[in-house]
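Worksheet for the structure shown next.
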Amino acid sequence: MTNVYITTAIDYPNGPPHIGHSLEKIAADVVARYHRLRGDNTFFCMGLDENSQNVIAAAEASGVSARVWVDRMDEAFRLAWRKVECSYDRFIRTTEPAHFRASQELFRRAQAAGDIYKGNYSGYYCPNCNTFYTAEELTPHGTCPNHPTVKPDWLEEENYFFALSRYTERLTRHVEAHPDFIVPATWRAEILSTLRSGLRDFSVSRPVRNQKLVEGQPWGVPVPDDPEHVIYVWFDALTNYLTAAGFPDEPGRFQDTWPADAHVIGKDITRFHCLYWPAMLLSAGLPLPRSVAVHGFMTLEGQRISKTTGNTIDPVELVDAYGADALRFYLMRDISFERDGDFTRANLIQRYNADLANDLGNLLNRTVSMISRYFEGTVPAPAGELTGPDADVQRLAGAAGRLTAAGLERWDFDAALDGAWQLVRRANQYIDENEPWRLARDPALRPRLATVMYHAAEALRLLGIYLTPFIPTAAGQLRAQLGLPPLAPGAWRPEGGETAWGGLAPGTRVERARPIFPRIEVPG
RNA sequence: CGCGGGGUGGAGCAGUGGCAGCUCGUCAGGCUCAUAACCUGAAGGUCGUAGGUUCGAAUCCUACCCCCGCAACCA
């Protein structure tokens, strides 16, 4: 059995989740569900990046302690991901003791490899941003570019650094030798370009004395054997992928789980996952992840999503309004994974009505209705000679499975769903060409009627498998109406799975037809 | 000249040298099993701009314009 490990970026809990977060989570979940259906032993992980000064600031702004705040965010994020039906196996928080151990162990290994050294970090420090700026980055008046009222002071602090520059050569070779390491390819080109321009060492710690404390204690992972410093973002946040896999506490499980097959991330953190992270792993003597899948960002109704201007949507609200399947389907079908896209309610509703309600939902509804009406609710056995259209539906059914799988293998959700929808459309067309309502009027044509209804139902059964990763609830309802039990893991195995034509047993009792995707009526 | 991506019918996209395509939407017709759904057909594009290469350019080259992102911890 193949082990598959898929991660998503851990989110900053400086505010509740919004629609922008959910594209990545849903995309990763679709792929994770796909692998479970393929029979892979799948481990799917998501979580929160809690050890940040920004989190303390958010807590203070809300008038609660940092602990209370992160617990509250933890609940909010889990609720959102449950609502959109993310099937995570592990939800990791970087404040967990297990994660502290992982982070410190990775740091120690890098130290042992001679890649960690102490140096001075200096610049104009803006306490609001918690960021150092160069003189050129400040405004002409010497104020912070983000905070016009703040005049940053020159500050020098002692930091630990990681010797990223030593890895330029090895990273270049790795990226060049592994064309699938970064998908889509456009980001691979960008990373190679960055490598050509040379890498600089990066800071991996912050002195505790410059940090906000929580209950008198530093907030974050202490540097091993130097409690005056806490580990700064990279050796902390990125390490979550190891912690979740059992590093260093459960060597057996870690051995089976690591390396990750895919880190699913937003384009803003591409270089950290494609350069910093592999270098850290090389330093620690650990295998590198097999791929990094980079997605674009969404705008919301044409505007940049922004917590500060309030241009956000709560995914929970969308699920309550339209259902998880509608949201998942819309994001996968209408928003490009690779490029930036625009989220609009109007398009969501249009996609839902056109593809789910009209095409797929109605196909199921008319098929089940006719089986009820003409065959007393029992799937008939196909009979007589097969016609061209019959063969065509069977062929399209096979192609749909292959195209959907191929699309999912390369994070091309558009191609994946397009493959499935070729079958949806062909099946609707097939029913129209064969006019079962006309066949039903002539008892002599009953064998032909049986064949037609069988083909329609069997196409739907297969669609129910192929679409389960995208719309798990509706796919289950589809199966239920066809009289089938919930799908078992491994149902889509290439060998011994349930995707061969003819898997629907004649005699299966269908349920009463009920729309699984009621149309969303828009006023006006 | 910091780096990268993008500009194709109303919307979203495909198309790396050979009649400009797909889905949605729009319009017309058909059907009546079905969720006013489904099926068939039609209209709609000087492929960002200006040059160039070529028998032939959305596609290759040059210049320019516009949008977005990264660099710079907003997913």
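None of the values given here were measured: they were computed from a predicted structure. Order of the sequence lines sets the chain letters (A, B, ...), proteins ahead of strands, with each chain counted from 1.
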Expected string for nucleotides 65-71 of chain B under the B/S/- scheme (protein heavy atoms, under 4.0 Å, primed atoms plus P, OP1, OP2 as sugar-phosphate) is ---SS--
Could you encode protein contacts along nucleotides 30-38 of chain B as a string, one character per nucleotide from 5' to 3', using B for base contact, S for sugar-phosphate-only contact and - for no contact, with a heavy-atom cut-off of under 4.0 Å? BSSBBB-SB
Is the gap between the ring centers of [X] and [Y] under 6.0 Å?
X        : Y        : result
A/Phe329 : A/Trp421 : yes
A/Tyr322 : A/Tyr330 : no
A/Tyr276 : A/Phe202 : yes
A/His229 : A/Phe107 : no

Should the ring pair A/Phe91 and A/Tyr88 be called parallel, tilted or perpendicular, given that the plane angle runs from 0 to 90° and is split at 30 and 60?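 The arrangement is tilted - the two ring planes meet at 30° to 60°.
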Kindly assign one of parallel, tilted or perpendicular to the pair A/Phe297 and A/His295, based on the angle between their ring planes and the thresholds 30° and 60°.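 Plane angle between 30° and 60°, so tilted.
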Can we say [X] and [Y] salt-bridge, meaning some charged N sits less than 4.0 Å from an Asp/Glu carboxylate O?
X        : Y        : value
A/Glu433 : A/Arg426 : yes
A/Arg72  : A/Glu75  : no
A/Arg366 : A/Asp432 : yes

If I take atom [atom1] in residue [X] and atom [atom2] in nucleotide [N], what distance separates them, rounded to the nearest angstrom?
X        : N      : atom1 : atom2 : answer
A/Asp49  : B/rA75 : CG    : P     : 11 Å
A/Arg339 : B/rU8  : CZ    : P     : 10 Å
A/Leu423 : B/rU23 : CG    : P     : 15 Å
A/Asp414 : B/rG12 : CG    : P     : 14 Å
A/Asp355 : B/rG12 : CG    : P     : 16 Å
A/Phe337 : B/rG5  : CZ    : P     : 18 Å
A/Leu417 : B/rU23 : CG    : C1'   : 12 Å
A/Leu199 : B/rG2  : CG    : P     : 20 Å

[N] versus [M] - spacing of their [atom1] atoms, nearest Å:
N      : M      : atom1 : value
B/rU35 : B/rG15 : P     : 39 Å
B/rU8  : B/rU59 : P     : 14 Å
B/rC61 : B/rA20 : C1'   : 23 Å
B/rA36 : B/rG69 : P     : 42 Å
B/rA63 : B/rG2  : P     : 15 Å
B/rC27 : B/rC65 : P     : 42 Å
B/rG7  : B/rA14 : P     : 8 Å
B/rG10 : B/rG44 : P     : 12 Å

Distance below 4.0 Å between A/His295 side-chain N/O and B/rA75 OP1 or OP2: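 So the side-chain polar atoms of A/His295 never come under 4.0 Å of the phosphate oxygens OP1 or OP2 of B/rA75.
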Decide yes or no on side-chain contact (heavy atoms from CB on, under 4.5 Å) for A/Leu504 and A/Leu462, but give the supporting numbers first. CA-CA 9 Å; A/Leu504 181 59; A/Leu462 291 168; over 6 Å; no
5′-ward residue of the pair A/Ile269/A/Gly341 relative to RNA chain B: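 The residue closer to the strand's 5' end, by nearest nucleotide, is A/Gly341.
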Relative to the 5' end of RNA chain B, which residue comes earlier, A/Ile335 or A/Ala9, by the nucleotide with the nearest heavy atom?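 Mapping each residue to its closest nucleotide by heavy atoms, the 5'-most match is A/Ile335.
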May I ask which nucleotide in the shown strands pairs with [N], Watson-Crick or G-U wobble, both distances under 3.5 Å?
N      : result
B/rG45 : none
B/rA37 : none
B/rG10 : B/rC24
B/rC70 : B/rG2

Among A/Val264, A/Ile26, A/Ile6, side chain to side chain contact (heavy atoms under 4.5 Å, CB included) partner for A/Val31: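 By the side chain to side chain contact (heavy atoms under 4.5 Å, CB included) criterion, A/Val31 pairs with just one of A/Val264, A/Ile26, A/Ile6: A/Ile6.
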